Number of protein chains: 2
Amino acid sequence: MAFSSACKLQDPVTIADKLFLDLRRAILVGEIPAGKKISEPELAASYGVSRGSLREAIGKLENCNLVTRKPNIGARIIGFSTPQLIEIYQIREAMEGMAARLAAENMSEEEIDRLNAILERHKLEIEQHQGYSQEDVDLDFHFSIIQGSKNIRLIRMLCQDLYDLVRFYRFRLKSGFHRSEQAFHEHNLVVSAIERRDGEMAETLMRHHIRASRDYARKMLEATVAQNEG
Amino acid sequence: MAFSSACKLQDPVTIADKLFLDLRRAILVGEIPAGKKISEPELAASYGVSRGSLREAIGKLENCNLVTRKPNIGARIIGFSTPQLIEIYQIREAMEGMAARLAAENMSEEEIDRLNAILERHKLEIEQHQGYSQEDVDLDFHFSIIQGSKNIRLIRMLCQDLYDLVRFYRFRLKSGFHRSEQAFHEHNLVVSAIERRDGEMAETLMRHHIRASRDYARKMLEATVAQNEG
DNA sequence: TGGAGTTATAATGTCGACACTATAATGGAA
DNA sequence: TTCCATTATAGTGTCGACATTATAACTCCA
């Protein structure tokens with residue numbers, strides 16, 4: 001599942017960790033609406049835990065960039081904003097570009113095989129027009145390459161911190177928002193560069209891919225706004 | 001001062017925040033040695049605060065990547081490792097490269113003036129052989145460009161999270177470790193590209209600069225190890 | 001003597017209560 | 001009626017105590 005793939009906790013042993021995972025899922029899925037203020041007593045009661053544990057969980061959510069806190073005022077779920085989405089794409093372009101470069105240098109043949117398997121799955125799902133699961137396959141693709149970089153800190157910064165935000169936005173934009181065929185093609189190019197161990201080219205292609213996604217998202221958002229205004 | 005420049009808290013209003021800043025400084029400066037395990041009761045007593053506040057501060061330190069925690073075992077200050085330092089350089093290359101590109105697009109003329117003032121200061125300190133303060137000027141240079149990107153999340157990820165690590169390592173490598181003249185020259189090249197609003201070139205030059213720093217650090221570390229072994 | 005099992009100790013996780021702060025509600029004066 | 005001051009309320013920050021877990025010390029047996 002797409003949630004567990006980037007999870008930092010194998011099995012949450014402590015209450016605060018369980019709570020953290022619960023809340024994270026609830027936020028990403030939209031059970032807790034974006035921008036909502038968190039009432040510590042209320043939430044603690046509804047989950048049947050103490051405020052202390054809840055506060056610890058909120059602290060972790062803050063690290064994932066899913067909530068913001070102000071002293072003496074409280075925490076609230078992050079909101080949706082187009083400029084922020086663009087910012088995230090810019091960061092992804094830089095970091096995942098580097099990840100692709102390193103992956104070309106460091107991935108094992110076995111890992112590249114698994115990467116090709118993901119492409120195969122993507123192809124199948126496009127042929128069957130399974131729009132809903134194509135987003136999972138897209139995440140799997142990007143995660144595999146990030147993992148392949150073997151740069152542990154880079155992996156953590158992307159998979160743990162930034163990709164929670166990616167999921168947050170993706171979930172709220174999922175309606176007919178994919179450019180699967182084009183993305184699939186770009187994915188293939190990246191993998192072929194990795195297979196040739198051409199790090200420079202892998203980085204260039206990955207950056208192009210993410211930039212294209214960004215431009216597409218921007219266009220769609222502008223169209224949506226225009227539609228709402230008209 | 002170099003510490004406050006990237007500080008996320010204007011004035012720490014809460015005990016936990018004050019404690020966080022205190023501990024962060026102590027770790028970066030080496031007052032608390034690298035790799036040391038944290039005893040919550042002990043630290044709380046020595047700072048005269050409750051364990052709750054201390055735990056909150058430790059949580060924040062964990063976000064800054066300065067301590068690591070394991071459930072039911074505890075927290076310890078991060079250790080020093082050459083591979084990790086290389087990882088950080090790789091990430092900086094990607095992210096600061098992007099920052100330089102964006103800075104070329106978004107920096108105001110006034111900000112560029114301030115950038116040139118930093119270069120001027122750097123030049124002066126080289127002429128006066130003030131090795132100790134050249135590291136501060138170097139940090140100021142990089143921070144200014146990162147700020148100039150105007151990408152708020154990028155700024156936060158670099159200045160708040162990654163650069164604490166940079167300081168951590170820098171403080172432990174500071175003995176005769178600078179390549180100031182070369183770095184100064186590379187800084188000038190980056191700024192000239194920004195002045196010309198050439199984002200592509202600014203990114204290339206910044207990446208080159210950071211890669212050169214990385215190679216230099218690696219060489220110095222290998223020499224040090226060889227020296228210790230011989 | 002060495003090692004496994006057991007006990008003892010210290011540390012972390014969790015909780016409920018109190019203090020202080022911010023916000024909402026209320027009341028009074030212009 | 002409107003605005004400001006005051007009070008009331010809810011919420012966050014902080015603390016000390018208890019429960020649970022990991023580690024160290026110890027004992028007993030082979």
Side-chain angles (χ1 to χ4, degrees), chain A residues 7-27 32-79 160, chain B residues 7-27 32-79 160:
Chain A
C7 172
K8 88 176 80 174
L9 308 161
Q10 304 82 337
D11 53 348
V13 59
T14 180
I15 289 183
D17 284 343
K18 291 195 204 87
L19 192 58
F20 161 68
L21 289 179
D22 270 12
L23 290 173
R24 191 176 76 118
R25 189 199 51 77
I27 294 171
I32 306 179
K36 171 160 186 174
K37 176 157 189 321
I38 291 180
S39 164
E40 289 184 5
E42 185 181 333
L43 247 191
S46 83
Y47 278 85
V49 300
S50 88
R51 260 187 65 219
S53 302
L54 174 64
R55 281 171 69 86
E56 194 126 338
I58 291 178
K60 290 174 191 289
L61 289 172
E62 199 183 3
N63 308 5
C64 297
N65 301 306
L66 292 177
V67 313
T68 58
R69 290 179 93 174
K70 290 180 188 172
N72 283 321
I73 292 181
R76 66 171 54 241
I77 314 295
I78 58 166
Q160 280 182 26
Chain B
C7 174
K8 87 176 80 174
L9 307 161
Q10 306 81 337
D11 53 347
V13 59
T14 180
I15 290 183
D17 284 344
K18 291 196 205 85
L19 193 57
F20 161 68
L21 290 179
D22 270 13
L23 290 173
R24 190 176 76 118
R25 189 199 51 77
I27 294 172
I32 307 178
K36 170 160 187 175
K37 176 155 187 325
I38 291 178
S39 164
E40 289 184 5
E42 185 181 333
L43 248 191
S46 82
Y47 278 84
V49 298
S50 87
R51 262 187 63 221
S53 301
L54 174 63
R55 281 171 69 85
E56 195 126 338
I58 291 177
K60 289 173 190 291
L61 290 172
E62 198 183 4
N63 307 6
C64 298
N65 301 306
L66 293 177
V67 313
T68 58
R69 289 179 93 175
K70 291 181 188 173
N72 283 320
I73 291 181
R76 66 172 53 240
I77 314 295
I78 58 166
Q160 281 182 24

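The model shown is predicted, which means the values in this text are computed figures rather than measured ones. Hydrogens, waters and symmetry mates are skipped; everything else that's a heavy atom, side chains included, is used.
The 5' end of DNA chain C is approached more closely, in terms of each residue's nearest nucleotide, by B/E42 than by the other of B/E42 and A/R51.
The CD1 atom of A/I15 sits 13 Å away from the C1' atom of C/dT12 (whole-angstrom rounding). Remark: C1' of C/dT23 and CD of A/E40 are 16 Å apart, rounded to the nearest angstrom. The interatomic distance linking B/L19 (CG) with D/dG13 (C1') rounds to 14 Å, in whole Å. Spacing between atom CG of A/L43 and atom P of D/dA10 amounts to 18 Å, rounded to whole angstrom units. Protein atom CD of A/E56 is 10 Å distant from nucleotide atom C1' of C/dT12, rounded to whole Å. At whole-Å resolution of the value, CZ in A/R55 and P in D/dG11 are 14 Å apart. In this entry the distance linking CD of B/E62 with P of C/dG13 reads 10 Å, nearest Å.
Pairing each heavy atom of A/K60 with each of A/D17, the nearest pair is CE-OD1, 3.1 Å. The two residues B/I78 and B/V67 have their closest heavy-atom pair at CG2-N, 3.9 Å. What you find for B/I77 and B/A34 is that their closest heavy atoms are CG2-CA, 4.1 Å. Smallest separation of non-hydrogen atoms from B/A57 and B/A16: CB-O, 3.7 Å. Contact detail for B/L21 and B/P12: the closest heavy-atom pair is CD1-CG, 3.7 Å.
Considering only side-chain N and O atoms, B/T14 lies under 4.0 angstrom from the phosphate OP1 or OP2 of D/dT14. The shortest distance between the side-chain N/O atoms of A/K37 and the OP1/OP2 oxygens of D/dT12 is below 4.0 Å.
Proximity of residues 69-79 of chain B to DNA chain C (heavy atom under 4.0 angstrom from any strand atom) is restricted to B/R69, B/P71, B/N72, B/I73, B/G74.
Listed candidates were C/dT12, D/dT12, D/dT14. Nearest to the side chain of B/P41 is C/dT12.
With B/R69 contributing its side chain and B/A75 its backbone, the two residues share no donor-acceptor pair below 3.5 Å.
B/I38 comes within 4.0 angstrom of the backbone, heavy atoms only, and of no base.
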Intermediate values then yes/no, side chain to side chain contact (heavy atoms under 4.5 Å, CB included), A/F20 and A/C64: CA-CA 10 Å; A/F20 161 68; A/C64 297; 3.5 Å; yes

